[in-house]
Asks: 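Please see the structure below; I have some questions.
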Amino acid sequence: MAGRSAAWAGLAEPQHPAGRGRTVSLFQQLGWDQDLRGDGGVRKKELRSGTGEVVPATASVAVWYSGYLEGLDEPFCTNRNRKFPDLMKLGKDITLQGLIAGLLSMKKGEVARFVFMPDYAYGQRGCPPLIPPNATVMFIVELLDFLDTEESDAFFELTAEQQDTFPLQKVLRVADTEREFGNYFFRGQHFSLAKDRYKNAISILGRNPSSDAEQCQINAAKLLVLLNLSITYLKLECPDKALAYGEKALEIDQRSAKALFRCGQACFCMTEYTKAWDFLTRAQRIQPFNHSINNELKKLARYYKDYLTKEKEMCCRMFTHLQAKD
C-alpha cells in the first residue's frame, strides 16, 4: 500500500494463507500485548511506557488520539490538528466502550495502540457515512494527563444547602481539583478557561469556617488560587484585576513574595511605577536572591528612568513655550 502512514508502519501487505482463498486482515497482523476484555474485543499494544497510577474510572483525561478504519492511511477521527487537547470526562465526553477500556489501562505519558472489535466500537450499524457496519477500528492514543474528578462530580450534584454541609477536607479537595483544571488550561495558554476554573475554586472555598483551624486551611487553599488568578489576569492583559487579586492574596499573607511580585507586575503594566517599585522592593526584601524579582526591578528602573527623562523634556518644552508667549 503506497504512502502508508506511521500508524501502519511495520505491517506487511495482506497475504493469502496457503489453502485459503481469503486475505488476512491487516488488524490481525498487528502485534498486541493484552486482551483487556478477555474476549479479544479490546486488544492493546504498549508503544511507550507511562508512569504513576492507571487512569481511574472517574477521571477526566487529556489525550491525543487518532482512529483508523482498516486499510486506510488517513484517520477517520483525530484531535491531532488541535494545539492543545481538552480534558474529557470518561463516560460523558468519551463514550466509545473500547476507548474507555483502553484508557483505564493507561498511565500518564503512555502511548498505546488499540484494536476494537465492533461490539466495543460502533456496533452492527456503524456510524454512516463515516463508519461502515460491523467495523473493527484501531486507535493510537497518547495519555498526556488526567484528573480524578469523583469528589468534584459528587459535590456539584448537591444542592447549595448540601454543599454547605460537605466535609471540609472534601471541599478542599474539590477546590484543588478545580485549581488543577485551571492549571491545565493555563499551561495550554487557554487563560480565559483557566480563569473560570480558578473562580470556581474561590467560590467553593467561600464557606464559613467553624473554627480558626478551618479558617487557616481555607486561607491556605485560597492563597494558591488568588495567586493563580493574579497571574492569569496579567496574561489576559487585565492588570487592574491582577492587582486586585494580588492584594486579596496579601490580605491572607502580607509576606507572600509571590503576591507582592504579582502586584508589582500589575502596577508596572499600568505605569504606576512608584507603586510597582514599592511592591517589588518589599518582595525583594523577603526573597533577595529571587531572579524574577530582581530582573523585574532592573527593568522597572530602566523604564522609570526613561519615564522621568520624558517628563523632564515635556516640562522643559512647556516652560519654553510659556516664555515665548511672554
Side-chain angles (χ1 to χ4, degrees), residues 168-169 171-192 194-209 211-309 311:
L168 177 63
Q169 295 309 312
V171 170
L172 294 174
R173 287 196 292 269
V174 171
D176 193 56
T177 299
E178 287 297 297
R179 186 175 67 87
E180 287 295 333
F181 268 109
N183 291 348
Y184 175 80
F185 290 124
F186 186 93
R187 290 192 295 270
Q189 300 187 355
H190 295 292
F191 301 121
S192 184
K195 175 256 298 178
D196 291 342
R197 289 292 188 168
Y198 294 144
K199 284 192 171 182
N200 280 350
I202 287 293
S203 176
I204 291 165
L205 293 168
R207 66 185 290 166
N208 294 319
S211 66
D212 290 342
E214 281 198 1
Q215 184 67 71
C216 287
Q217 293 181 73
I218 292 170
N219 283 346
K222 272 186 178 179
L223 180 62
L224 295 175
V225 184
L226 291 169
L227 291 171
N228 287 351
L229 273 166
S230 184
I231 190 173
T232 301
Y233 273 114
L234 283 172
K235 295 292 185 181
L236 289 169
E237 299 182 356
C238 300
D240 55 332
K241 292 184 178 179
L243 176 61
Y245 281 106
E247 289 178 329
K248 286 182 180 180
L250 288 173
E251 290 174 10
I252 295 174
D253 182 3
Q254 294 181 352
R255 289 186 55 79
S256 169
K258 189 169 287 188
L260 290 165
F261 180 55
R262 297 289 177 240
C263 290
Q265 286 180 301
C267 290
F268 193 172
C269 290
M270 293 187 290
T271 68
E272 295 185 12
Y273 298 131
T274 303
K275 287 181 67 175
W277 187 265
D278 178 61
F279 281 122
L280 291 171
T281 52
R282 285 164 61 191
Q284 188 186 51
R285 284 196 292 271
I286 297 167
Q287 293 186 2
F289 303 109
N290 185 300
H291 292 296
S292 296
I293 295 171
N294 291 333
N295 288 338
E296 196 76 2
L297 276 167
K298 289 176 184 177
K299 186 168 71 170
L300 174 59
R302 291 196 301 271
Y303 273 77
Y304 193 47
K305 182 179 179 181
D306 291 343
Y307 169 76
L308 290 177
T309 300
E311 285 282 297

Asks: If we only count heavy atoms from C-beta on, is the L205 to L172 side-chain gap below 4.5 Å?
Replies: yes
Asks: What's the spacing between L297 CG and K299 NZ if we round to 0.5 Å?
Replies: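 Rounded to the nearest 0.5 Å, the CG-NZ separation comes to 11.0 Å.
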Asks: How many angstroms lie between CZ in R255 and CG in L250, if you round to the nearest 0.5 Å?
Replies: 11.5 Å
Asks: Keeping T281 on the side-chain end and D278 on the backbone end, is there a donor-acceptor pair under 3.5 Å?
Replies: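 Yes; at least one donor-acceptor contact below 3.5 Å.
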Asks: With side chain to side chain contact (heavy atoms under 4.5 Å, CB included) as the test, pick out the partner of K258 among L224, I293, L227.
Replies: L227
Asks: Between atom CZ of R262 and atom OG of S256, what is the distance when rounded to the nearest 0.5 Å?
Replies: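 Between atom CZ of R262 and atom OG of S256 there are 9.5 Å.
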Asks: For A283 and A257, work out which heavy atoms get closest and say how close.
Replies: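 Of all heavy-atom pairs spanning A283 and A257, the closest is CB-O, 3.8 Å.
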Asks: Here's one to test your reading of the geometry: is the NZ or CZ of K195 within 45 degrees of the ring axis of Y198 and under 6.0 Å from its centre?
Replies: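 Not satisfied by the 6.0 Å and 45° rule.
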Asks: Heavy-atom distance under 4.5 Å between the side chains of F279 and F261, does that happen here?
Replies: no
Asks: How close do A276 and G264 get, counting heavy atoms only, and between which atoms?
Replies: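 Taking every non-hydrogen atom into account, CB-O, 3.5 Å.
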Asks: Contact between L236 and T232 at the side-chain level, heavy atoms closer than 4.5 Å - yes or no?
Replies: yes
Asks: For F186 and F191, I'd like to know if the aromatic rings sit close, meaning centre-to-centre distance below 6.0 Å.
Replies: yes
Asks: So how far is it from C267 SG to L243 CG, rounded to the nearest 0.5 Å?
Replies: 4.5 Å
Asks: Closest approach of A259 and A249, non-hydrogen atoms and distance?
Replies: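 Of all heavy-atom pairs spanning A259 and A249, the closest is CB-CB, 3.8 Å.
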Asks: Does Y245 have its ring centroid less than 6.0 Å away from the ring centroid of Y233?
Replies: yes
Asks: Which heavy atom in C269 sits nearest to a heavy atom in L234, and how many Å separate them?
Replies: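 Minimum heavy-atom separation between C269 and L234: SG-CD2, 4.3 Å.
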Asks: Any side-chain donor-acceptor pair under 3.5 Å between Q284 and N290?
Replies: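 Checked: Q284/N290 side chains show no N/O donor-acceptor pair below 3.5 Å.
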Asks: Run the numbers on I218 and V171 for side chain to side chain contact (heavy atoms under 4.5 Å, CB included), then give the verdict.
Replies: CA-CA 9 Å; I218 292 170; V171 170; over 6 Å; no
Asks: Between CD of E180 and CZ of R173, what distance do you get to the nearest 0.5 Å?
Replies: 14.0 Å
Asks: Taking CD in Q215 as the centre, count heavy atoms belonging to other residues, nucleotides or ligands within less than 6.0 Å. Is the count above 12?
Replies: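 More than 12 heavy atoms, drawn from other residues, nucleotides or ligands, come within 6.0 Å of this atom.
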Asks: Does CG in D212 sit with more than 12 non-hydrogen atoms of other residues, nucleotides or ligands closer than 6.0 Å?
Replies: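 Atom CG in D212 is not packed in, count stays at 12 or less.
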Asks: Are any of the side-chain nitrogens in R179 or D176 under 4.0 Å away from the carboxylate oxygens of its partner?
Replies: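 Answer for the salt bridge query: yes.
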Asks: Over all heavy atoms of both residues, which pair between Q254 and R282 is shortest? Give the atoms and the distance, please.
Replies: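 Scanning both residues completely, I find the closest heavy atoms to be O-NH2, 4.4 Å.
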Asks: Roughly how far, to the nearest 0.5 Å, is the NZ atom of K241 from the OG atom of S230?
Replies: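 The NZ atom of K241 is 13.0 Å from OG of S230, to the nearest 0.5 Å.
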Asks: If you define the side chain from C-beta out and look only at heavy atoms, does anything of Q169 sit under 4.5 Å from Q217?
Replies: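 Contact flag for Q169/Q217 side chains = yes.
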Asks: Is any side-chain heavy atom of I286 less than 4.5 Å from a side-chain heavy atom of L260?
Replies: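 In contact.
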Asks: To check you understand the geometry: which heavy-atom pair defines the closest contact between I252 and L223, and what is its length?
Replies: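 The answer is CD1-N, 4.1 Å.
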